[in-house]
Amino acid sequence: MKISPKYNASEIESKWYDYWMKNNYFHSEVDEREPYTIVIPPPNVTGVLHMGHMLNNTIQDVLIRRARLLGKNACWVPGTDHASIATEAKVVAKLKEEGINKNDLTREEFLNHAFEWKDKYGGIILEQLKKLGASCDWERTKFTMDDDMSEAVIKVFVDLYNKGLIYRGFRMVNWDPEAKTTLSDEEVIYEERQGNLYYLQYDIVGSDEKVTIATTRPETILGDSAICINPEDERFTHLKGKKAIVPLCNREIPIIEDSYVDVEFGTGCLKVTPAHDENDKVLGDKHNLEVIDIFNEDASLNSFGLHYEGKDRFVVRKEIAKELEEKGYLVKVEQHTNKVGTSERTKAVIEPRLSDQWFLKMEDLAKPAIEGVLGEDRDVKLYPRKFENTYRHWMENIRDWNISRQLWWGQQIPAFYYGDGKEDFVVAETKEKALELAKEKTSNANLQASDLRQDADVLDTWFSSWLWPMSVFDGIRNPENEEINYYYPTNDLVTGPDILFFWVARMIISGYEYKDTRPFENVYLTGLVRDKQRRKMSKSLGNSPDALKLIEEYGADGVRVGLLLSSAAGNDLLFDEALCQQGKGLGNKVWSAFYLTSLWEVSGEIEQPEHSKIAIEWYKTKLQKTLAEIEDHYSKYRLSDVIMSIYKLINDDFCGWLLEAVKPAYQQPIDKKTYDEVIAIFEDNLKVLHPFMPFITEEIWQLISERTAEEALIIAKYPEINEIKDSSIIEEFDFATSIISGIRTIRKEKNIAFKDAIELYVVNNENYTKSFDSVIKKLVNASEVNYVQEKVDGASFRVKSNEYFVPISADSINVEEEIKKITEELNYTEGFLKSVQKKLSNERFVNNAPEQVVATEKKKEADALAKIETLKASLASLG
RNA sequence: GGGCGAAUAGCUCAGUUGGUUCAGAGCACUUGGUUUACACCCAAGGGGUCGGGGGUUCGAAUCCCUCUUCGCCCA
């Protein structure tokens, strides 16, 4: 068959993806083989592929494809996450564009819009993953709000409630006034903001005294319920037991004492606003203070805001400062930088707010998950290990998880209220069951379903994704089903360290709680993808390349290799398109090597030449050695080292040395034995490379010979890894490459064209094998390798204590230069010898160092001495 | 403010229990070359006081102390 000298990625990639799909290679079913399972970190259902996804999913695909080649039953479960806040925000924004206000819709109407949106945009990202070559079992695609997935979530909620682990609490939460919902601590991003520190004067009841406090939020004075001083602070002793008057609203508040107050900060005197600050809430509880909430849910002021009622907090901040100034309460304003919490999704400034929320008690649940990761047997292993410390710190200081969100898009909390009392509710999986429970609890048999009102809140998105590895196999609803028993626990999880706590830790927790086992054995934490200037890739900076365009330009294979070449686990990846170029370059190299073999005319008539025989023998050993190295890298999840080893194997060893050694002369046929062996080697190379470059390897595999569907590369058998009994051939070959390099250098220095054959003379002091002479002759175009006892006139070089001579015409020999070169080499070697001998003459070294270390030093000494002797002999003959 | 981690070639990083895998890789750079697979190529080469200082040791990139700089997480 005629092979194109150029490789066309985009055409070939879609061809093979279709072929793989058609033959159902990605699909997995329970069978007797060993399972290998990965669940995808479900991307947001409305998301589009970005560089982080590319990295992440390439790694997963490499692991899955490798497992498939190793004969395991590989199952990669794909899916998407409903991403409550992010998606709801997008739907609200879209409705707004259409002139529809969310608040004018019923819950059902809104959800209809949301599902419409999801059906339209959801899953785009999964289609994009296919372009990357992701070999997911698409028949298993899941969505965190599928009916069965939601059922599992509700079941778990009810179960945890019944275990007493879920409770309702009036707590200070992070309130996003824009999305009008609670955020978990992890969804709050703290930013440094330039603000003001306002110094305000409060009058003291029954005296002319005043007290000055400093605050960054003057609008909250309307919610003040105390002034607090440090009892040790002598400046304020005279205020003890007195009362102050809040400016503008003229409320009397107590002056309390607490050592919490930092005497250094501001005036050393603090206003206490329990409704609007976490620390103040603690103080308020301790001192039994009134709680005055001055905000509406959109952070505009309510009736406690007096004449500011209805105005936004930031507007009020400016206006109230002005009013306070006019009325003489404002002493001064200082510039002040403080950290402000903002919403990860809406960017709105977070308002600490007291409200009724649902919480999950974490302390006991976390214990097995701490032991699982940090215990001695490392039941769950984190790669790289440095994340274990971070994990420990978080898990040991874990706080209860606020699982309710004031949204509609998500699983509605299955709590049903039958009255107005705080405890007038029941928790059940369905309304029917709830009614039964409510009847029991109230002893009111006449209670109707219509009397029950379900909690309006939904559950935090992570409350569904923390069950992901179990729920995708229906392991919550049917805990003993065949699939969960087979595929769970899964093997590897690949994700970013930014969701170590959001997601990974919680899956570990739920795994131990519901299956009493780890959810996965290994967690590979990738780094973040950054640009060359180390900036995070983001839409707003516009520094994120279009993933699909990259694939178009470099091919999926090229992008995959480019991404992995520089991404050691846990290290940030500084993305540079040049890396994709390198990836594409490897593809071209492989293709061109294949093209070369396709040009060969094979003859059964000729014998295998010596140089081919020995080179193939060497490569086979080298391949085994590399396979072992690769295995070691895989076991440590060092995928960038794996691909680098493969890169060197194919680029240098296979193309650079082996093919050059066996390549027949122009228009000469190749012997059949060599051809067959090279093709077999090529096939092994393709298998090793397949997980990284699935498309081009399959293409070549199928072109090498006609294959049935059962013989496709994607399901081929990975090369066997055998222990190398004798690796001396590798060292001998390395010696040969040094000789070859030496001759190439001479050719370059003396301007000898490659087509002009040279003669080579050797003084074989090392007693080095002659096995590779045929290879050397071929690769340097030497007509003869002559073994001699004495120096020969011409250019020379040395490998260890062996001397090599290439006779050249007398006028191109520069004796002075030769002398200089050899003298330099001699000086270096003598210096080296000196340092070795110094060591060896140190009695303490000889007595204390291990025998082997001393032995190697002695060997160094002997080698150096031998070399010095040859160098001196050379000098003598020259001079 | 608390915790964790990092600093090695121009860049990105390896370097495991102190000693032949100890100063390495890839890229970039310089020089030369079409040699009938590949210029998306090949060959040869230059380049580092292992962040600074101190200590332990026969021996330190590696262990300890200290300083400097940077990153991440949490409050």
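Letters go in sequence order (proteins before strands), and every chain restarts at 1. Heavy-atom basis, side chains included; hydrogens, waters and symmetry copies ignored.
Not one side-chain nitrogen or oxygen of A:N389 sits closer than 4.0 Å to the OP1 or OP2 atom of B:G3. For A:S741, a side-chain nitrogen or oxygen approaches OP1 or OP2 of B:A44 to under 4.0 Å. For the OP1/OP2 pair of B:G15 and a distance below 4.0 Å, the side-chain nitrogens and oxygens of A:R638 include at least one atom meeting the criterion. At the phosphate of B:C4, neither OP1 nor OP2 sits under 4.0 Å from any side-chain N or O atom of A:K386. The shortest distance between the side-chain N/O atoms of A:R399 and the OP1/OP2 oxygens of B:A75 is below 4.0 Å. Listed pair A:K858 / B:G19 fails the phosphate criterion, with no side-chain N or O lying under 4.0 Å from OP1 or OP2.
Across B:C42, B:A25, B:C27, the shortest atom-to-atom separation from the side chain of A:K648 is found for B:A25. Which of B:C73, B:A39, B:A25 sits closest to the side chain of A:K6 comes down to B:A39. Listed candidates were B:C73, B:A25, B:U31. Nearest to the side chain of A:K748 is B:U31. Which of B:C27, B:A25, B:A43 sits closest to the side chain of A:R744 comes down to B:A43. Among the nucleotides B:A37, B:C4, B:G2, the one closest to any side-chain atom of A:T390 is B:C4.
Going from atom NZ of A:K589 over to atom C1' of B:C42 covers 8 Å, rounded to whole Å. Here the P atom of nucleotide B:A37 and the CD atom of A:Q667 are 11 Å apart, to the nearest Å. Nucleotide B:C27 holds its P atom 9 Å from the CG atom of A:L565, rounded to whole Å. Spacing between atom CE of A:M362 and atom P of B:C74 amounts to 15 Å, rounded to whole angstrom units. The separation between A:K750 atom NZ and B:G32 atom P is 17 Å, rounded to whole Å. Atom CG of A:L659 is separated from atom C1' of B:U35 by 15 Å (rounded to the nearest Å). In this structure, the CD atom of A:E629 is 10 Å from the C1' atom of B:U21, given to the nearest Å. One atom, CG of A:N781, and another, P of B:G33, lie 18 Å apart when rounded to the nearest Å.
Between B:U69 and B:A25, the distance separating the two P atoms is 34 Å to the nearest Å. Separation of the P atoms belonging to B:U62 and B:U17 is 13 Å when rounded to the nearest angstrom. Separating the P atom of B:A43 from that of B:A37 is a span of 15 Å, rounded to the nearest Å. Here, B:U36 and B:G47 have their P atoms 34 Å apart, quoted to the whole Å. Atom name P, nucleotides B:G18 and B:C58: the rounded distance is 16 Å, in whole Å. Comparing the P positions of B:A60 and B:C50 gives a spacing of 12 Å, expressed to the nearest Å. Atom P of B:U49 sits at a distance of 8 Å from the matching atom of B:G10, rounded to the whole Å.
A:R506 places a side-chain N or O within donor-acceptor distance of the main-chain N or O of A:F502, the cut-off being under 3.5 Å. In this structure, the side chain of A:D641 does not engage the main chain of A:H633 through any donor-acceptor pair within 3.5 Å.
The partner of B:G32 is B:C42, by the rule that a Watson-Crick or G-U pair needs both atom distances under 3.5 Å. Using N1 to N3 plus N6-O4 or O6-N4 for Watson-Crick, or N1-O2 and O6-N3 for G-U wobble, each under 3.5 Å, B:U49 pairs with nothing. Here B:C70 sits opposite B:G5 as a Watson-Crick or G-U wobble pair (both hydrogen-bonding atom distances under 3.5 Å). When Watson-Crick and G-U wobble pairs are counted only if both distances are under 3.5 Å, B:U62 pairs with no nucleotide at all.
If you find the closest nucleotide of RNA chain B to A:Q582 and to A:T745, the one lying nearer the 5' end belongs to A:Q582. Between A:A578 and A:D632, it is A:D632 whose nearest contact on RNA chain B lies nearer the 5' terminus.
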Worked check of side chain to side chain contact (heavy atoms under 4.5 Å, CB included) between A:T495 and A:T526
CA-CA 6 Å; A:T495 191; A:T526 67; over 6 Å; no

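Taken from CD1 in A:I700 to CZ in A:F682, the straight-line distance is 4.5 Å, to the nearest 0.5 Å.
The residue A:K663 sits close to a base: some heavy atom pair falls under 4.0 Å. Backbone-only contact: A:Y595 has heavy atoms under 4.0 Å from sugar-phosphate atoms and none from a base.
Using a cut-off of 4.0 Å between Lys/Arg side-chain N and Asp/Glu carboxylate O, A:R217 and A:E351 are scored as salt-bridged. The pair A:E363-A:R399 fails the salt-bridge criterion, with no side-chain N (NZ, NE, NH1 or NH2) lying under 4.0 Å from an Asp/Glu carboxylate O.
Side-chain contact check for A:Y619 versus A:L649: some heavy-atom pair is nearer than 4.5 Å.
Counting distance only, with no hydrogens placed and no angle test, the side-chain atoms of A:E660 and the base atoms of B:A37 include a donor-acceptor pair under 3.5 Å.
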